[in-house]
Amino acid sequence: MNQVNNNMAKDINILLIDDSDVDNFINKAIISKEDNISQITTMTSGHEALAHLNSIVDDTEAYPDVIFLDIKMPRMNGFEFLDEYVKLPGSLTNHCKIYILSSSIDSLDSEKGKDYPVVSKHLIKPLAHHIIGDLLRED
């Protein structure tokens, strides 16, 4: 999981997964102020994000380094996304750091996130600019 830290010299690819276009717009604006960000891709559903990840599985240069994942989404919530995400090839899942980014302050959601080894941390919306750099430098 040191991949993001080792890539600080290279630009970082971010994937935002949130059903709210407004939240995606705000988070993208906040993240884009950070140095070393090469690309910010937004997806509005877990299904769309999985299709995207499956389409790039053979293109390691396109892998996101960091995924910010909302858990309260219709049709496929964040936990259902994670259930499918862990089935993707390890070359992809070992490359990415996932942060749950949710408006939920329910401790059960935070605890459930800990059941997924691919999840680095549970963050509460809104995403704050001052923590982005720290997150991108974490091991």
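Computation of the quantities below employed the complete heavy-atom set of this structure, encompassing side-chain atoms and omitting hydrogens, waters and symmetry-equivalent molecules. Position 1 is the first residue of the sequence, and the numbers go up from there.
Side-chain atoms of Tyr63 come within 3.5 Å of backbone N or O of Val57 as a donor-acceptor pair. The closest donor-acceptor contact from the side chain of Asn13 to the backbone of Asp65 lies at 3.5 Å or more, if one exists at all. Although no hydrogens or angles enter the test, the distance criterion places a donor-acceptor pair under 3.5 Å between the side chain of Ser38 and the main chain of Ile12.
Ile132 places a side-chain heavy atom less than 4.5 Å from the side chain of Phe68. The side-chain heavy atoms of Ser45 and Met76, taken from C-beta on, include no pair separated by under 4.5 Å. Within the 4.5 Å cutoff, side-chain heavy atoms of Asp18 are placed close to those of Lys125. Between Pro89 and Asn94 the shortest side-chain heavy-atom distance does not fall below 4.5 Å. The shortest side-chain heavy-atom distance between Ser32 and Ile40 falls under the 4.5 Å cut-off. Counting heavy atoms from C-beta on, the side chains of Ile17 and Tyr85 never come closer than 4.5 Å. Between Leu135 and Leu123 the shortest side-chain heavy-atom distance falls below 4.5 Å.
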Do Tyr116 and Asp83 pass the side chain to side chain contact (heavy atoms under 4.5 Å, CB included) test, and can you show the C-alpha distance, the side-chain angles, and the key distance before you say yes or no?
CA-CA 9 Å; Tyr116 295 90; Asp83 289 338; 2.7 Å; yes
Please determine whether side chain to side chain contact (heavy atoms under 4.5 Å, CB included) holds for the pair Val118 and Cys96, giving the CA-CA distance in whole Å, both sets of side-chain angles, and the decisive distance to 0.1 Å.
CA-CA 8 Å; Val118 296; Cys96 302; over 6 Å; no
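For the atom pair Leu15 CG and Ile56 CD1, the distance stands at 8.0 Å (nearest 0.5 Å). Here the CG atom belonging to Leu82 is positioned 11.5 Å from the OG1 atom belonging to Thr93, to the nearest 0.5 angstrom. Distance CD1/Ile71 to CD1/Ile100: 5.5 Å, rounded to 0.5 Å. Expressed to the nearest 0.5 Å, how far CG of Asn77 lies from CD of Glu80 amounts to 4.0 Å. Residue Tyr99 holds its OH atom at 9.0 Å from CD1 of Ile131, rounded to the nearest 0.5 Å. We find the OG1-CG distance between Thr42 and Asp21 to be 7.5 Å, quoted to the nearest 0.5 Å.
When every heavy atom of Glu34 is checked against every heavy atom of Ile37, the shortest pair comes out as O-CG1, 3.5 Å. The minimum heavy-atom distance linking Lys97 with Ser120 is given by the pair CE-OG, 3.7 Å. Closest non-hydrogen pair, Ile30 versus Ala128, comes out as CG2-C, 4.2 Å. In terms of heavy atoms, Thr44 sits closest to Glu48 at N-OE1, 2.7 Å. In this structure, Ser102 and His122 approach most closely via the heavy-atom pair CB-NE2, 4.2 Å.
For the side chain to side chain contact (heavy atoms under 4.5 Å, CB included) with Leu16, the lone residue among Thr41, Asp23, Leu69, Ile31 that qualifies is Ile31.
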